[in-house]
Amino acid sequence: MPASAFQAAVRIGVRLLQRTTRQLGLTEEGGEFLVRCRTALEAIRAAEDVAGDGASGVVRVTATAAFAQRQIAPRLPRFLARHPGISVQVLTSDDVLDLVERRIDVAMRQAPLVDSRLIARPLVPDARILCASPAYLARIGTPRDPLDLADHACLTVGDPRPTHWRLCRGGESVDVSIRSAVGGIDGEICHAAALADGGIAMKAAWDVVEDVRAGRLVRILPDWWGGRDRWVRLVYPARLHQARRVRAFIAFMEAEMTQALAACATLDLFEAPEPAKPSGRPRTARNRAEPTPAESGPG
């Protein structure tokens, strides 16, 4: 808590903190006081933004490492050339960071919103697709049916390693048994292994679009998708005022990603996602055990 806020609390005689032998925390009054202080500081920042030209300061952004490296970082020089007074700080994490606590202006997330303090809106469609290198497919063969995946080396994300992948086609879904040849908690591991002819990966389309375009990876089972309702979403704190530097960055990325989506239309990597509808229990391929959840971490 800022020293000025603490001094103000001393003047009004309010206990803000409570200490035990194990931890230090805010009292109920302290929590409310902190919220009001943050609101006041935000109002001051908003006033300063309005008084100035608004095109200056730091934009704090978060995204997965793969999305940031492939879709954000290469575009930043063009953004900075248009807005020389702005700098961009990118925080990469496959975990969902607390935007309010970390003072992050905007996130680009490939997962649904769960925090009521935030606002989310779709940026571009996303998808999870199956892909492998041409050399691997030439050596082992190309799957023609989801059941064929059981005979292939699969490259997975998650700990423990998933034993099933859930695939969707229209209103149909199927859980297929897989053998994880290479696994990790970082999607870049299976990406690198796929490029090195190591097997079949389920990847976010925006992570592999350039590899597919260049022929380094080939999409397999093109009628099947890894889950439904996949979008890249812009997520930001619900504030009365959004700084002009943040609005400029959001507008820039919206234009850039819309253009990128149009440029890869012929690659057949995306479908217009629809809200998931209730469906029957998915069948499980080659395994009578209860299906496990589909791999849901960053790909």
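Using a 3.5 Å distance cut-off with no hydrogens or angles, the side chains of Arg244 and His83 do not pair a donor with an acceptor.
Note that CG of Leu261 is 11.0 Å distant from CD of Gln259, once rounded to the nearest 0.5 Å. Interatomic distance, Leu167 CG to Asp223 CG, rounded to the nearest 0.5 Å: 11.5 Å. Here Ser87 contributes atom OG and Leu80 contributes atom CG; the two are 8.0 Å apart, rounded to the nearest 0.5 Å. The distance from atom NE2 of His191 to atom SG of Cys131, rounded to the nearest 0.5 Å, is 7.0 Å. Note: Glu172 CD to Trp224 CH2 = 4.0 Å, rounded to the nearest 0.5 Å. A distance of 5.5 Å separates CZ of Arg102 from CG of Leu91, quoted to the nearest 0.5 Å.
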Worksheet item: Stepwise, does the side chain to side chain contact (heavy atoms under 4.5 Å, CB included) test hold for Leu234 with Arg109?
Response: CA-CA 7 Å; Leu234 289 165; Arg109 289 183 176 165; over 6 Å; no

Discussion item. The test is side chain to side chain contact (heavy atoms under 4.5 Å, CB included); show your working for Leu97 and Ile104 and say whether it passes.
Written reply: CA-CA 9 Å; Leu97 301 183; Ile104 295 171; 3.9 Å; yes

Discussion item. Would Val235 and Ile119 count as a side chain to side chain contact (heavy atoms under 4.5 Å, CB included) here? Give the steps.
Written reply: CA-CA 6 Å; Val235 182; Ile119 295 174; over 6 Å; no

Practice prompt. Kindly determine whether Val157 and Asp186 satisfy side chain to side chain contact (heavy atoms under 4.5 Å, CB included), including the steps that lead there.
Written response: CA-CA 6 Å; Val157 180; Asp186 185 340; over 6 Å; no

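Residues Glu210 and Arg70 are not in side-chain contact: their nearest non-hydrogen atoms beyond the backbone lie 4.5 Å or more apart. For the pair Ile129/Met202, no side-chain contact is recorded, criterion being any heavy-atom separation below 4.5 Å from C-beta on. Between Arg213 and Cys264, the closest side-chain pair of non-hydrogen atoms falls below 4.5 Å. For the pair Val174 and Arg166, the minimum side-chain heavy-atom distance is 4.5 Å or more. In this structure the side chain of Phe67 reaches within 4.5 angstrom of the side chain of Ile72, judged on heavy atoms. Contact check for Val61 versus Asp105: no side-chain heavy atoms found under the 4.5 Å cut-off. You'll find the side chain of Trp165 stays beyond 4.5 Å of the side chain of Asp175, heavy atoms only. With contacts defined as side-chain heavy-atom distances shorter than 4.5 Å, the pair Ile86/Phe79 qualifies.
Here the closest non-hydrogen pair linking Gly183 and Ile189 is O-CG2, 4.5 Å. Between Arg245 and Ser56 the shortest heavy-atom distance is CD-O, 3.2 Å. The shortest non-hydrogen separation linking Leu269 to Trp225 is O-CZ3, 3.2 Å. Here the closest non-hydrogen pair linking Val218 and Pro134 is CG2-CG, 3.7 Å. Shown here for Ser173 and Cys168, the closest heavy-atom pair between the two residues is CB-SG, 4.0 Å. In terms of heavy-atom proximity, Ala194 sits nearest to Leu155 at N-CD1, 3.4 Å.
Between Phe270 and Trp206, the distance from one ring center to the other falls under 6.0 angstrom.
Neither Val58 nor Phe252 shares a network with the other; the hydrophobic side chains, linked directly or stepwise wherever heavy atoms of I, L, V, M, F, W or Y lie under 4.5 Å apart, form separate groups for each.
No side-chain donor-acceptor contact under 3.5 Å links Tyr236 to the backbone of Leu99. Checked by atom type and distance alone, the side chain of Arg161 pairs as donor or acceptor with a backbone atom of Ser180 at under 3.5 Å. Side-chain atoms of Thr156 do not come within 3.5 Å of backbone N or O of Pro162 as any donor-acceptor pair. Not one N or O on the side chain of Asp211 forms a donor-acceptor pair closer than 3.5 Å with the backbone of Arg216. Using modelled atom types, one side-chain atom of Arg219 and one backbone atom of Pro222 make a donor-acceptor pair closer than 3.5 Å. At distances below 3.5 Å, at least one donor-acceptor pair connects side-chain atoms of Arg247 with backbone N or O atoms of Gln242.
Comment: Arg78 engages Glu256 in a salt bridge, judged by a side-chain N to carboxylate O separation of less than 4.0 angstrom.
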